2 protein chains.
Amino acid sequence: MPTPLDELIEALRCLPGVGARSAQRMAHHLLQRERRGAQRLARAIEAALTTLTHCARCNAFSETTVCARCSDPARDATLVCVVESPADMEAIEQTHSYRGLYYVLMGRLSPLDGIGPKELELERLLERLAAPEVREVVLATNFTNEGEATAHWIAERVRARGLAVTRLARGVPLGGELEYVDPATVAHALIDRRRLDAT
Amino acid sequence: MPTPLDELIEALRCLPGVGARSAQRMAHHLLQRERRGAQRLARAIEAALTTLTHCARCNAFSETTVCARCSDPARDATLVCVVESPADMEAIEQTHSYRGLYYVLMGRLSPLDGIGPKELELERLLERLAAPEVREVVLATNFTNEGEATAHWIAERVRARGLAVTRLARGVPLGGELEYVDPATVAHALIDRRRLDAT
């Protein structure tokens, strides 16, 4: 029978990026130096598991059926930004330059991992986008092969319904030096070049 | 008030090596893909916190007052190996070449972090080593500045009591190529060179 210590080490391995050795180090740390932190962690997991569900509108984690962001009347409900993860949503929020709503896919199309449109519940997204106030869908999935494929799948369906579909711009990052930016990015920056109008 | 998600992210940061971004990724992973693993983790933490204490003899984590290893009559009780952590103890066990007992310091002397002999409870170690059956103390703290200082502190006290004190050998690791081993290690390998007797 495994000891409580073995069981704790094994249980810690469900965390992403945590292998046998890190799990062992974490378990010792929790028991030796962070018993209060460990207690707090156990309670936080229980609380999160029991109280958090997915927002019925944006699919992000929420304590309420519809999350605070989706219920905020100050937000522009004609815009829906589609992201892969809550972390991506936060990345966009931190720009303070978007005031529309979101839809969080909680993943991306990844046929090799068996994640197709059904597993991602993309029909739910299409239903959400069918709301009459929606005018534009901003596709903000990542610029990886899988993120691009996901954006492409959604764009095709959404365009067919007569909604405007946009994608985040690709280009040279701020502070980027052309010499060190990969050629594909520079190529996109050339293709999407903007006219500088006199101001 | 922080949401249960914020609280979970914050609580995960008590794990060693987990910063804000990893904690966020871990929380999303637990809630999205590993709800059963998360439940198991919460229970494992609770169980470990309530059932594990320190073995009265070796100071390692144990469910019983004296751990199974210290109670094993097949072990050589004349030898006590002093290590910094349970992980170090396991590293020595995995060699299958040591059959004595252990003492786990659960740390090392580190004046800069405010960890002196009192914080490490080194008097407890000395009491343990005062048991009449003990003949030799094998110092297996790490070969870092702090580990060496810890070994030195213990060696001085233990020698004064007439016990044999040994230290793990330093030298070129198996498969080590001299060209790539640091000079200090090679120097130690030279100083501690062994005579090859004809067999």
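In what follows, chains are A, B, ... by sequence order, proteins preceding strands, each numbered from 1. Predicted, not measured: the structure shown is a model, and the values here were computed from it.
- At a 4.5 Å heavy-atom cutoff, the contact between E63(B) and chain A is made by side-chain atoms alone.
- Contacts from residues 122-148 of chain B to chain A, taken as heavy-atom pairs separated by less than 4.5 Å, involve no residues at all.
- Interface summary for chain B: among S62(A), A38(A), G37(A), the most heavy-atom pairs under 4.5 angstrom belong to A38(A).
- Heavy-atom distances place both the backbone and the side chain of T3(B) under 4.5 Å from chain A.
- For Q39(B), the parts lying under 4.5 angstrom from a heavy atom of chain A are both the backbone and the side chain.
- Of the residues considered (L52(B), I9(B), T50(B)), L52(B) shows the highest number of contacts with chain A, using heavy-atom pairs under 4.5 Å.
- Both V80(A) and L120(A) belong to a common hydrophobic cluster when Ile, Leu, Val, Met, Phe, Trp and Tyr are linked at side-chain heavy-atom distances under 4.5 angstrom.
- Counting heavy atoms of neighbouring residues, nucleotides and ligands inside a 6.0 Å radius, atom CD of E177(B) does not exceed 12 of them.
- Taking every heavy atom of both residues into account, L8(B) and A44(A) meet most closely at CA-CB, 3.8 Å.
- Between the CD atom of E46(B) and the CG atom of L41(A) there is a distance of 10.0 Å, given to the nearest 0.5 Å.
- Contact residues of residues 103-118 of chain B toward chain A are M106(B), G107(B) (heavy-atom distance under 4.5 Å).
- Linking ILVMFWY side-chain heavy atoms closer than 4.5 Å, directly or via other members, places Y102(A) and V165(A) in two distinct hydrophobic clusters.
- Contacts between residues 11-31 of chain B and chain A, defined by a heavy-atom separation under 4.5 Å, are made by A11(B), L12(B), C14(B), L15(B), P16(B), V18(B), Q24(B), R25(B), M26(B), H28(B), H29(B), L30(B), L31(B).
- The environment of CZ in R99(A) is crowded: more than 12 heavy-atom neighbours from other residues, nucleotides or ligands sit within 6.0 Å.
- Annotation: the span from R40(B) atom CZ to E10(A) atom CD amounts to 5.5 Å, rounded to 0.5 Å.
- Using a 4.5 Å cut-off between side-chain heavy atoms of Ile, Leu, Val, Met, Phe, Trp and Tyr, with links allowed through other members, L79(B) and L163(B) fall into different hydrophobic clusters.
- Residues of residues 82-93 of chain A having a heavy atom under 4.5 Å from any heavy atom of chain B, listed by number: P86(A), A87(A), E90(A).
- For the set H54(B), R33(B), E34(B), R35(B), the entry with the most heavy-atom pairs within less than 4.5 Å of chain A is R35(B).
- Top candidate by heavy-atom pairs under 4.5 Å with chain B, chosen from R43(A), Q32(A), E7(A), is Q32(A).
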